[in-house]
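Take a look at the structure set out below.
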Number of protein chains: 2
Amino acid sequence: MIHIIANNYVKADKVEEYLTLAMGLVEDTRNKDAGCIRYELVQDLKNPQILTMLEEWESQEALNNHMNSEHFKEVMAATADFSEKAAEIHVCKKIK
Amino acid sequence: MIHIIANNYVKADKVEEYLTLAMGLVEDTRNKDAGCIRYELVQDLKNPQILTMLEEWESQEALNNHMNSEHFKEVMAATADFSEKAAEIHVCKKIK
């Protein structure tokens, strides 16, 4: 089991567009990607430019397949210029 | 519904002790705290000194009660000197 916490720092004027695309990605990932246990999008209340994906995958292979999927690659390409700074990705194991 | 992502940066020589105490806190919180939807402890694979609590609460009131509980305050006090730097707490709303 693999947990991903992906913090995306989105330019203020791109937040709405990012939200639309990321919500589509959540929908596609849940519907299409085998081994996806959890895939949720949350927004920081203090700084709405921080959009975080909270993910849980059955295996590294499932995560790799997700990252190679068309829906993932399309959204990554479409949002490539939206970042204020590089995303912070934490790959984690569950302790409890 | 409130999401908390709490990144704790623990001194290398305190990680094992922190894990023991934090696992107890997870157990107590799940068993005792009303309005707790999710309370999980994960550890960064690249940097095991980053221990993150992933939380979901029904309301701000439920979260406040948790933070005022004996089990929470005890673990906070016991781990007060364990931090390498200040914890980063993101309070978030669920988008999807």
Side-chain angles (χ1 to χ4, degrees), chain A residues 1-10 14-31 33 36-57 59-60 63-64 71 75 79 85-96, chain B residues 1-10 14-31 33 36-57 59-60 63-64 71 75 79 85-96:
Chain A
M1 193 116 73
I2 296 171
H3 283 254
I4 306 285
I5 305 164
N7 295 317
N8 300 284
Y9 302 90
V10 179
K14 292 294 186 187
V15 167
E16 285 311 309
E17 206 176 334
Y18 183 91
L19 283 173
T20 304
L21 289 164
M23 284 192 283
L25 177 59
V26 170
E27 193 70 23
D28 277 345
T29 298
R30 288 185 192 156
N31 290 337
D33 291 354
C36 176
I37 298 164
R38 185 167 187 249
Y39 204 84
E40 287 179 16
L41 176 63
V42 301
Q43 184 173 33
D44 194 292
L45 287 174
K46 218 183 218 170
N47 180 355
Q49 291 176 250
I50 307 178
L51 283 305
T52 300
M53 213 63 102
L54 297 171
E55 311 176 24
E56 208 173 323
W57 294 92
S59 64
Q60 183 65 51
L63 174 57
N64 292 347
H71 49 275
V75 171
T79 59
K85 61 173 184 167
E88 255 172 40
I89 316 287
H90 295 280
V91 182
C92 302
K93 67 173 175 182
K94 184 170 180 172
I95 298 293
K96 189 175 177 79
Chain B
M1 193 117 71
I2 296 172
H3 283 253
I4 306 285
I5 305 164
N7 295 318
N8 300 284
Y9 302 90
V10 178
K14 291 294 184 186
V15 167
E16 285 311 310
E17 207 176 333
Y18 182 92
L19 284 172
T20 304
L21 290 164
M23 284 192 283
L25 178 59
V26 170
E27 193 69 22
D28 278 344
T29 298
R30 289 185 191 154
N31 290 339
D33 291 355
C36 176
I37 298 164
R38 185 168 185 249
Y39 204 85
E40 287 179 16
L41 176 64
V42 302
Q43 184 174 34
D44 195 291
L45 287 173
K46 220 185 216 166
N47 180 354
Q49 290 176 251
I50 307 178
L51 283 304
T52 301
M53 213 63 101
L54 297 170
E55 310 175 25
E56 208 173 324
W57 294 92
S59 65
Q60 183 65 52
L63 175 56
N64 293 347
H71 49 275
V75 171
T79 59
K85 61 171 183 169
E88 255 172 41
I89 317 287
H90 294 282
V91 182
C92 302
K93 67 175 176 181
K94 184 169 181 174
I95 298 292
K96 191 178 175 78

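Each chain gets a letter, A, B and so on, in the order its sequence line appears, and its residues count up from 1.
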*State, yes or no, whether a side-chain contact exists between B:I95 and A:V26 at a heavy-atom distance under 4.5 Å.*
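No, too far: nothing below the 4.5 Å cut-off.
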*What residue, out of B:L54, B:L19, B:V42, has the most heavy-atom pairs lying under 4.5 Å from chain A?*
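Top option by heavy-atom pairs under 4.5 Å: B:V42.
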Could you list each N or O donor-acceptor pair linking chain B to chain A at a distance under 3.5 Å?
| unit_1 | atom_1 | unit_2 | atom_2 | d |
| --- | --- | --- | --- | --- |
| B:E27 | OE1 | A:K96 | NZ | 2.7 |
| B:R30 | NH2 | A:K96 | O | 3.3 |
| B:L41 | N | A:K96 | O | 2.8 |
| B:L41 | O | A:I95 | N | 2.8 |
| B:L41 | O | A:K96 | N | 3.2 |
| B:Q43 | N | A:K93 | O | 2.8 |
| B:Q43 | O | A:K93 | N | 2.9 |
| B:D44 | OD2 | A:H90 | ND1 | 2.6 |
| B:L45 | N | A:V91 | O | 2.8 |
| B:H90 | ND1 | A:D44 | OD2 | 2.6 |
| B:V91 | O | A:L45 | N | 2.8 |
| B:K93 | N | A:Q43 | O | 2.9 |
| B:K93 | O | A:Q43 | N | 2.8 |
| B:I95 | N | A:L41 | O | 2.8 |
| B:K96 | N | A:L41 | O | 3.2 |
| B:K96 | O | A:R30 | NH2 | 3.4 |
| B:K96 | O | A:L41 | N | 2.8 |
| B:K96 | NZ | A:E27 | OE1 | 2.7 |

*Measure B:I50 against the heavy atoms of chain A and call it side chain, backbone, both or neither at under 4.5 Å.*
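B:I50 touches chain A through side-chain heavy atoms alone.
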